Amino acid sequence: MRSYRAPKGMQDWTPDEQRYYRWIDETARAQVARYGFLPLTTPIVELTELFARGVGTGTDIVEKEMYSFETRGNEQLTIRPEFTAGMMRAYVEHGMHNLPQPVKLYAIGPLLRYERPGMGRYRQHTQLSVEAVGEDDPALDAELMTVAAEIFEALGIGQLRFLLNSIGCPACRPHYVNSVLVPWLEAQREHLGETDQMRLEKNPLRVLDTKDAKVRALLVDVPLLADYLCDDCRDHFDALRGYLDRLGRPYVVDPLLVRGFDYYTKTVFEVQSDALDTANNTLCGGGRYDGLIELLGGQPTPAIGFGLGFERARLVLEELEIVPPPLPETQLFALWFDDATKKRAFDTVAALRQAGFRAELAYARGKRSFKSQMRAADKSPAQFVLIFGERELAERAINVKEMSSGAQQRVPLDELTEWLRARL
RNA sequence: GCGGCUGUAGUUCAGUGGCAGAACGCUUGGUUGUGGCCCAAGAGGUCGUGGGUUCGAAACCCACCAGUCGCCCCA
């Protein structure tokens, strides 16, 4: 029989790896809570139409990366490829515009995208998504970028690059794209590679994001959106930079930074790490999406959010040799000699667990040498080994051995709990 | 989806046409009740999968699958 593997681009989180994800999860929750963000859990699937409309029919995600299916009831559903559309659907559905604004929400969970997997890119991956809805104050933009930074700092990850840009709004971007950028790019058309020519047709802004070195060189002269922003977008961007400067938070304005979702307006940002020398070095990406909620049938409502990838954060932690705090591990390990002492060990371990200790028993179907049991105890993380012998059985006591020192002491059973509490 | 590289034990890898290997890890034992070091024994592999070439394939050829690097795109 053939053995099974996890589906392509998907991975198990083994016990050894759990500590990374638990730590990232707990750290993220603690950091966003300091800013008043509250957890929101949405379904892992939504109507396909929600993503088509929200993310944009022209995007790669909607065009070729969604896990979509039809239910027995003929609903067209899609496993979420991102969080924002579903969270905004929930905002509208639950009338959260009636709450004090902004409504600050976060979600953590798996997303699925049918992509070609590689290091740092998986078909199923995990994100923290942080969204603040109902407010267009650039101070909020600054705070959102800051909380992202603080999550990484709390994890001990430094050496990050914060890239920032404004991609304008429906009042100014179309004019720039149609009347300035496209004509300029058309004039350079012969120098563009195949993919950049395609982008020029489909999504001209993305040509700015090219990895083609020749095109990048040309782009030093490209007219920048920054010079064509409307007053509102310019004021917003200037104010955001002012707030970031007040915080002393370093960032780089990258006038060529654009992002893949159709819904972004004004602020876009990315956090990259030099610790990852792959192409997938973006740890965190986000931006403002002031038009999305109206697009999904709600009142016109400004909003901003970002996504932070757990798998990539973990890769950086490993690369930097940052070891997460351990999960709760076994404190006590009980050994025995024969049937009678094993029963006493079994009972005592059960009682110790009831008392709140993490305790394990040496197992064997029948006999097992004491040495073998002691080796098992040595491999366990237990600090103390509880030894149940015939002599101790008679005296209603046990020997407690501290593994780090090898020191051993006889403790009456009645006093065991107290004795251990004083030491663990 | 396109192109390059790589798939041998749980892990890291050796083996380049002639018996499937090493190290580490794992299990058990090393005599009457004590771990780490050491010693011994053992378990664990359809050599990624399927086809082809050959007297003979882990090795050579093809396809597929998976991983990885780059592109596309993204966390």
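Naming: A, B, ... by sequence-line order, numbering from 1 per chain. None of the values given here were measured: they were computed from a predicted structure.
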With sugar-phosphate meaning primed atoms plus P, OP1 and OP2, does [X] contact a base, only sugar-phosphate, or nothing at under 4.0 Å between heavy atoms?
X: A:Ile387; answer: base
X: A:Glu392; answer: base
X: A:Leu283; answer: sugar-phosphate
X: A:Gly9; answer: sugar-phosphate
X: A:Met403; answer: base
X: A:Tyr122; answer: base

Between [X] and [Y], do the side chains contain an N or O donor and an N or O acceptor separated by less than 3.5 Å?
X: A:Tyr35; Y: A:Glu150; result: yes
X: A:Glu143; Y: A:Thr146; result: no
X: A:Asn399; Y: A:Glu392; result: yes

Under 4.0 Å from OP1 or OP2 of [N]: is there any side-chain N or O of [X] that close?
X: A:Arg206; N: B:C74; answer: yes
X: A:Lys371; N: B:U28; answer: no
X: A:Arg368; N: B:U28; answer: yes
X: A:Thr282; N: B:A75; answer: no

So, the side chain of A:Lys342 versus the backbone of A:Ala364: is there a donor-acceptor pair under 3.5 Å, distance only?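 Yes, because the side chain of A:Lys342 sits within donor-acceptor range (under 3.5 Å) of the backbone of A:Ala364.
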
Atom P, compared across B:G21 and B:U6: separation rounded to whole Å:
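Taking atom P in both B:G21 and B:U6, they lie 26 Å apart.
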
* Starting at the 5' end of RNA chain B and moving along, which residue's nearest nucleotide shows up first, A:Glu390 or A:Asp60? ->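 Nearer the 5' end of the strand: A:Glu390.
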
Using a heavy-atom distance cut-off of less than 4.0 Å, which residues of residues 21-48 of chain A contact RNA chain B?
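Residues of residues 21-48 of chain A that come under 4.0 Å of RNA chain B do not exist, since none gets that close.
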
When rounded to the nearest 0.5 angstrom, what distance separates OH in A:Tyr106 from OG1 in A:Thr41?
->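 Atom-to-atom, A:Tyr106:OH and A:Thr41:OG1 are 8.5 Å apart.
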
State which of [options] makes the closest approach to the side chain of [X].
X: A:Ser372; options: B:A75, B:G33, B:G29; answer: B:G29
X: A:Asn399; options: B:G29, B:C71, B:G33; answer: B:G33
X: A:Glu65; options: B:G35, B:C73, B:C74; answer: B:C73
X: A:Arg121; options: B:A75, B:C26, B:G3; answer: B:A75

Check: Strictly under 6.0 Å, is that where the ring centroids of A:Tyr176 and A:Trp184 end up?
Finding: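 Ring centroids of A:Tyr176 and A:Trp184 are no less than 6.0 Å from each other.
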
A:Arg312 CZ - B:C73 C1' separation (whole Å):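 About 10 Å, once rounded to whole Å.
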
